[in-house]
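All values derive from a computational prediction rather than experimental measurement. Order of listing sets the numbers, starting from 1, for every ligand and every atom in it.
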Amino acid sequence: MNPKRTLEIGVFTGYSLLSTALALPDDGLVNLLKDQGEELFDFAFVDADKTSYKGYHEQIVKLVKVGGVIAYDNTLWFGFVAKEEAEVPERFRNDRNAILQLNKFLASDPRVDVAQISVGDGITLCRRIQ
Ligand SMILES: C[S@@+](CC[C@H](N)C(=O)[O-])C[C@H]1O[C@@H](n2cnc3c(N)ncnc32)[C@H](O)[C@@H]1O
């Protein structure tokens with residue numbers, strides 16, 4: 001996909017940001033979320049507050065160009081998305097429920113093709129198709 005313009009939400013140590021930056025050409029850019037006007041991104045990585053992912057999706061899907069990719073981290077949420085809510089420790093429930101809703105929503109979002117990558121804590125790749 002030869003990305004040049006990328007976006008990250010949830011920077012923290014910058015580890016994932018650096019991984020993205022190292023994959024870019026010399027004239028590539030990694031942006032933090034701010035007013036970007038009409039500019040569109042090739043790639044966005046989201047690793048922030050899980051309860052906001054669905055809200056981020058609504059905004060980011062408009063900021064990523066058709067053919068661009070949005071990656072959501074932690075979409076298996078320690079495997080708790082595959083368990084009944086009662087089996088999930090209380091402190092993980094809010095985020096587990098938010099991720100579960102996000103995953104269901106993305107699976108039926110006609111604007112994106114979705115691939116769930118079962119590495120680490122799960123990464124969902126969404127390629128914008130419209
Ligand atoms: C799991 S860490 C991200 C780790 C990062 N990808 C890395 O490689 O170091 C989550 C980050 O999301 C940030 N965060 C939490 N809520 C946020 C919000 N509402 N908006 C933006 N960032 C948020 C936290 O401050 C934290 O830096």
Original post:
Would you find a donor on one side and an acceptor on the other, under 3.5 Å apart, between the side chain of D113 and the backbone of R127?
Top reply: no
Subject >> Under 3.5 Å: donor-acceptor pair, side chain of Q116, backbone of T124 >> reply: no
Original post:
Are K54 and F105 in a cation-pi setup, meaning NZ or CZ lies under 6.0 angstrom from the ring centre and within 45 degrees of the ring axis?
Top reply: yes
**OP:** Kindly assign one of parallel, tilted or perpendicular to the pair F92 and F80, based on the angle between their ring planes and the thresholds 30° and 60°.
**Re:** tilted
Original post:
Hey, what do you get for CD1 (I117) to OG1 (T75), rounding to the nearest 0.5 Å?
Top reply: 9.0 Å
For ligand 1, find each of its N or O atoms that sits under 3.5 Å from a protein N or O atom, and tabulate the pairs with distances to one decimal place.
| unit_1 | atom_1 | unit_2 | atom_2 | d |
| --- | --- | --- | --- | --- |
| ligand 1 | 6 (N) | G10 | O | 3.3 |
| ligand 1 | 6 (N) | S16 | OG | 2.7 |
| ligand 1 | 6 (N) | D47 | OD2 | 2.8 |
| ligand 1 | 8 (O) | S16 | N | 2.9 |
| ligand 1 | 8 (O) | S16 | OG | 3.1 |
| ligand 1 | 9 (O) | V11 | O | 3.3 |
| ligand 1 | 9 (O) | T13 | N | 3.1 |
| ligand 1 | 9 (O) | T13 | OG1 | 2.5 |
| ligand 1 | 16 (N) | D49 | OD1 | 3.4 |
| ligand 1 | 19 (N) | D49 | OD1 | 3.2 |
| ligand 1 | 19 (N) | D49 | OD2 | 3.3 |
| ligand 1 | 19 (N) | Y56 | OH | 3.2 |
| ligand 1 | 20 (N) | Y56 | OH | 3.3 |
| ligand 1 | 27 (O) | F12 | N | 3.3 |

Check residues 82-91 and write down every donor-acceptor pair under 3.5 Å in which the side-chain atom is one partner and the other belongs to a residue at least two apart or another chain.
| unit_1 | atom_1 | unit_2 | atom_2 | d |
| --- | --- | --- | --- | --- |
| E85 | OE2 | N97 | ND2 | 3.0 |
| E87 | OE2 | E84 | N | 3.0 |

